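If you're wondering where the values come from, they're calculated on a predicted model, not measured in any experiment. Start at 1 with the first residue, then count along the sequence. For ligands, and for the atoms within them, numbers begin at 1 and follow the listed sequence.
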Amino acid sequence: VYLEKILREKIRDSKYANLQLGAEVTSIEELEGKVRVQYKSQGGRKQQISCTFLVGADGKRGYVRKGYLEAKGIRQEVGV
Ligand SMILES: Cc1cc2nc3c(=O)[nH]c(=O)nc-3n(C[C@H](O)[C@H](O)[C@H](O)COP(=O)(O)OP(=O)(O)OC[C@H]3O[C@@H](n4cnc5c(N)ncnc54)[C@H](O)[C@@H]3O)c2cc1C
């Protein structure tokens, strides 16, 4: 909890970051040299953002794995 508090303060004070709570990624598209991510903001409004790199940290049941990578046939190897 303490680490999270510090991280949130750093994000709030950074001009390079924008913390969006309660948002949900709904689609990811690779365009030429860019990635476009569509998401619903906390209030349910549709938004989008374009970036050069996308880091998916939404867990093993999240959209990046289930909705994007697995739809392209990229699956996790079953562990031994
Ligand atoms: C019951 C249980 C007990 C566990 N116990 C242990 C343990 O004792 N020790 C251990 O090392 N590990 C344990 N684990 C595993 C551990 O919880 C996970 O390995 C770890 O949380 C994975 O971290 P993560 O950041 O990749 O994903 P997560 O912790 O799953 O975080 C993903 C985040 O992405 C968000 N998200 C999901 N979909 C979207 C979307 N479409 N748009 C925006 N955001 C989204 C989620 O709301 C969540 O906040 C346990 C897991 C479970 C379920």
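Distance check for atom 29 (O) of ligand 1: every protein heavy atom is found at 4.0 Å or beyond. There is a protein heavy atom less than 4.0 angstrom from atom 37 (C) of ligand 1. In this structure, atom 19 (O) of ligand 1 has no protein heavy-atom contact shorter than 4.0 Å. Distance check on atom 32 (C) of ligand 1: some protein heavy atom falls below the 4.0 Å cut-off. The nearest protein heavy atom to atom 53 (C) of ligand 1 is not closer than 4.0 Å. At a distance under 4.0 Å, no protein heavy atom can be found next to atom 9 (N) of ligand 1.
Under a 3.5 Å cut-off, the side chain of Ser50 and the backbone N or O of Arg36 do not form any donor-acceptor pair.
Note that CG of Asp58 is 10.0 Å distant from CD of Glu24, once rounded to the nearest 0.5 Å. Of the inter-residue distances, the one linking Thr26 atom OG1 with Gln48 atom CD reads 10.0 Å to the nearest 0.5 angstrom. Atom NZ of Lys34 sits about 4.0 Å away from atom OG1 of Thr52, to the nearest 0.5 Å. Atom CD1 of Ile6 and atom CD1 of Ile11 lie 12.0 Å apart (nearest 0.5 Å). One distance of note links NZ of Lys72 with CD1 of Ile28; it measures 9.5 Å at 0.5 Å rounding.
In this structure, the protein non-hydrogen atom closest to atom 43 (C) of ligand 1 is Ala23 O, 3.4 Å. Shortest contact from atom 40 (C) of ligand 1 to any protein heavy atom: Val25 N, 3.6 Å. The protein heavy-atom contact nearest to atom 26 (O) of ligand 1 is Gly59 CA, 4.0 Å. Counting protein heavy atoms only, atom 45 (C) of ligand 1 is closest to Asp58 CB, 3.8 Å.
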### Message
For a side-chain contact (heavy atoms from CB on, under 4.5 Å) check, start with the C-alpha distance between Glu70 and Arg65, then their side-chain angles and the critical distance, and finish with the verdict.
### Response
CA-CA 6 Å; Glu70 290 191 1; Arg65 176 178 287 175; 3.6 Å; yes
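Every atom of ligand 1 is numbered from 1 in the order shown, and the set under 4.0 Å from a heavy atom of Ala57 is 32 (C), 33 (C), 34 (O). Close approach of ligand 1 to Tyr63 is summarised as follows: ligand atoms under 4.0 Å from at least one heavy atom of the residue are 41 (N).
A donor and an acceptor atom, one from each side chain of Glu29 and Tyr68, are nowhere located under 3.5 Å apart.
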